Amino acid sequence: MTADVAVLGVGMHPWGKWGHGFVRYGVTAARAALADAGVEWRDVGSIVGADTVRGGYPGHVAGATFAKALGWQGARVTSVYAACASGAQAIGAARAQILAGLADVVLVVGADAAPKGFFRPAGGERPDDPDWLRFRLLGATNPTYFGLYARRRMAVHGDTLEDFAQVKVKNAAMGALNPYARYRKRVTAEEVAASAPVADPLRLLDICATSDGGAAVVLSSLEFARRHGAARPVRVRAVSTVTPRFPNTVLDLPDIATDSAAAVAPAEVTFRASIARAAYEEAGIGPGDLSLAEVYDLTTALELQWYEDLGLCGEGEAAKLLREGATAPGGRIPVNTSGGLASFGEAVPAQALAQVCELTWQLRGRAGGRQVPGARVGITANQGLFGHGSSVVAVV
Amino acid sequence: MPRIRLPAVANWFTGTGEDFRLLGTRCSDCASVFFPREDVHCRNPGCAGGALVEVPLSPHGRVWSYTDGRYRPPSPYVSDPELPWRPYTLIAVELPAERIVVLGQAVPGVTVTDLTVGMDVRAVPGVLYEDAETTWTTWHWRPVEVRT
Ligand SMILES: [Zn+2]
């Protein structure tokens, strides 16, 4: 087990399509998190930026860009890129600095101004880049991979389109209660079924949108938190940032093929399951200890996959868990009380941080109408393109 | 002047008709197979790293899953924006001998309603797109028996 760090403050800029630059969202979130922590920016010893290069500003490095916008004050800077997992890696970097004694207080910021339509690779002719190749050779957009996973679940586990729709119904109902969500309207199963097909068997309302948004977290040592008067802060107990193990046998974006398992037997658990397993081991807990989970519902079907990968149920039993209401408010293990990506849309480098913001509000008992009564332990789970695992366990 | 035929990606497939094969590489030390081909280092972490030798992959496999693209993909996918978008079908195919899943477009005309998970398919030559001078070729998956 690793030592804990304290979550002193969290903050977000509402998700949406606001038409501003990403710096504005990040700075708004950062100021909110600093205010929530009761910490002055000039007293922050380190800033970690969660990067993206997809919004059209490669080189406009997030960590230093936010430090400049907040006002240069000399803080140590770190910038990390891990696609959708950037936020968790930023938390991992911040935690390592705190536990190594390099900084008492670290500000972690992620923000994005999302492009319109499909995510696409940067321009040019780059046949050595798998992300470029899958678009050039196959036209394989992100939703087509999601369609493959959904169809596979239907064939292997008997999931139905109605099950997928019920995930959206559940998450939209929670998003309606979240002031930071982009979509704050309940959705019916009929509306999901009537939405436009995008990548068989998935429809528009099964798939998360791309959004603008920003999220920030202020982390500190437990000693600093105590001196600061935070007697019982929410604590980060584990940060899993694992990579896959060869052979990786689940077809994964942006790859055109899996690894071959002809010569080497695959690991006992898939990459996604190993992300959670590493977090559980580091935290010294198991799925039975969880009060809630925030998972990366890029699609309704993927949320069901995460139930199994987090060990909330056995393989193939996710739809049953959903139908029983176990993952809904009031259930045994509510999932995506924030409303999830279904209600937010994806603001890539901010998303894993937004998951931690929700855990923090829940563990403080300040999640309003979304509150899970008596929440003590929460987990986030997420997976970034190119083999970036991400899971954070927070406790109170 | 007729267009010349060139592969849309070099050295990933070879042959015509019944002799068409996807090309991967195999490590001469640990026998791991790679597609897309690895030509520099074996990626098996337990392998000291042998020479990587080009090998044809099995032409037949089973459908692992399938989907389609109802909207025009962005560049670098090449399509004529003047023409209405015609959805294409994508099939992920498990090759039993290599124990690998390879994604590809289905031959034109095959839709998701023609497919089931586990169905037998075969790799066949296909056309990705054409420009003024060149027909850019690729691989397609074709169901061995198309239901009608
Ligand atoms: Zn080898």
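These numbers come from a predicted model, not from an experiment. Convention: sequence-line order gives letters A, B, ...; per-chain numbering from 1.
- Between chain B and the residues A/D255, A/L137, A/L251, A/V156, the largest count of heavy-atom pairs under 4.5 Å involves A/L137.
- In this structure, no portion of A/P127 lies under 4.5 Å from any heavy atom of chain B.
- The residue from B/V127, B/L128, B/V9 that alone fulfils the side-chain contact (heavy atoms from CB on, under 4.5 Å) condition with B/T138 is B/L128.
- Here the side chains of A/E346 and A/Y296 are in contact, with some heavy-atom distance below 4.5 Å.
- Only the backbone of B/A97 comes within contact range of chain A, judged by heavy atoms closer than 4.5 Å.
- Geometric assessment of A/R272 against the ring of A/Y149 yields a positive cation-pi assignment under the 6.0 Å and 45° thresholds.
- Looking at A/L202, neither its backbone nor its side chain comes within 4.5 Å of chain B, counting heavy atoms on both sides.
- With hydrogens and angles ignored, the 3.5 Å screen pairs a side-chain donor or acceptor of A/T258 with a backbone N or O of B/V101.
- With a threshold of 4.5 angstrom between heavy atoms, A/Y145 approaches chain B through side-chain atoms but not through N, CA, C or O.
- B/F34 touches chain A through its side chain: at least one heavy atom from C-beta onward sits under 4.5 Å away, while N, CA, C and O do not.
- In this structure, CG on B/D68 lies 11.0 Å from CD1 on B/I91, to the nearest 0.5 angstrom.
- If you tally non-hydrogen atom pairs under 4.5 Å between each of B/W139, B/Y88, B/F35 and chain A, the highest count goes to B/Y88.
- The contact between A/P266 and chain B is made entirely by side chain atoms (from C-beta outward), counting heavy-atom distances below 4.5 Å.
- Of the listed residues A/G147, A/A262, A/A261, the one with more heavy-atom pairs under 4.5 angstrom with chain B than any other is A/A261.
- Taking 4.5 Å as the limit, some side-chain heavy atom of B/V110 sits within range of a side-chain heavy atom of B/P143.
- Your options are B/V33, B/V117, B/V93, B/I100, and the one with the most heavy-atom pairs under 4.5 Å with chain A is B/I100.
- Looking at A/A150, neither its backbone nor its side chain comes within 4.5 Å of chain B, counting heavy atoms on both sides.
- The distance from the OH atom of A/Y81 to the CD atom of A/Q89 is 10.5 Å, given to the nearest 0.5 Å.
- Considering every non-hydrogen atom in both A/L205 and A/S195, the closest pair reads N-OG, 3.3 Å.
- Counting heavy-atom pairs closer than 4.5 Å to chain B, the top-ranked of the candidates A/I256, A/L133, A/T249 is A/I256.
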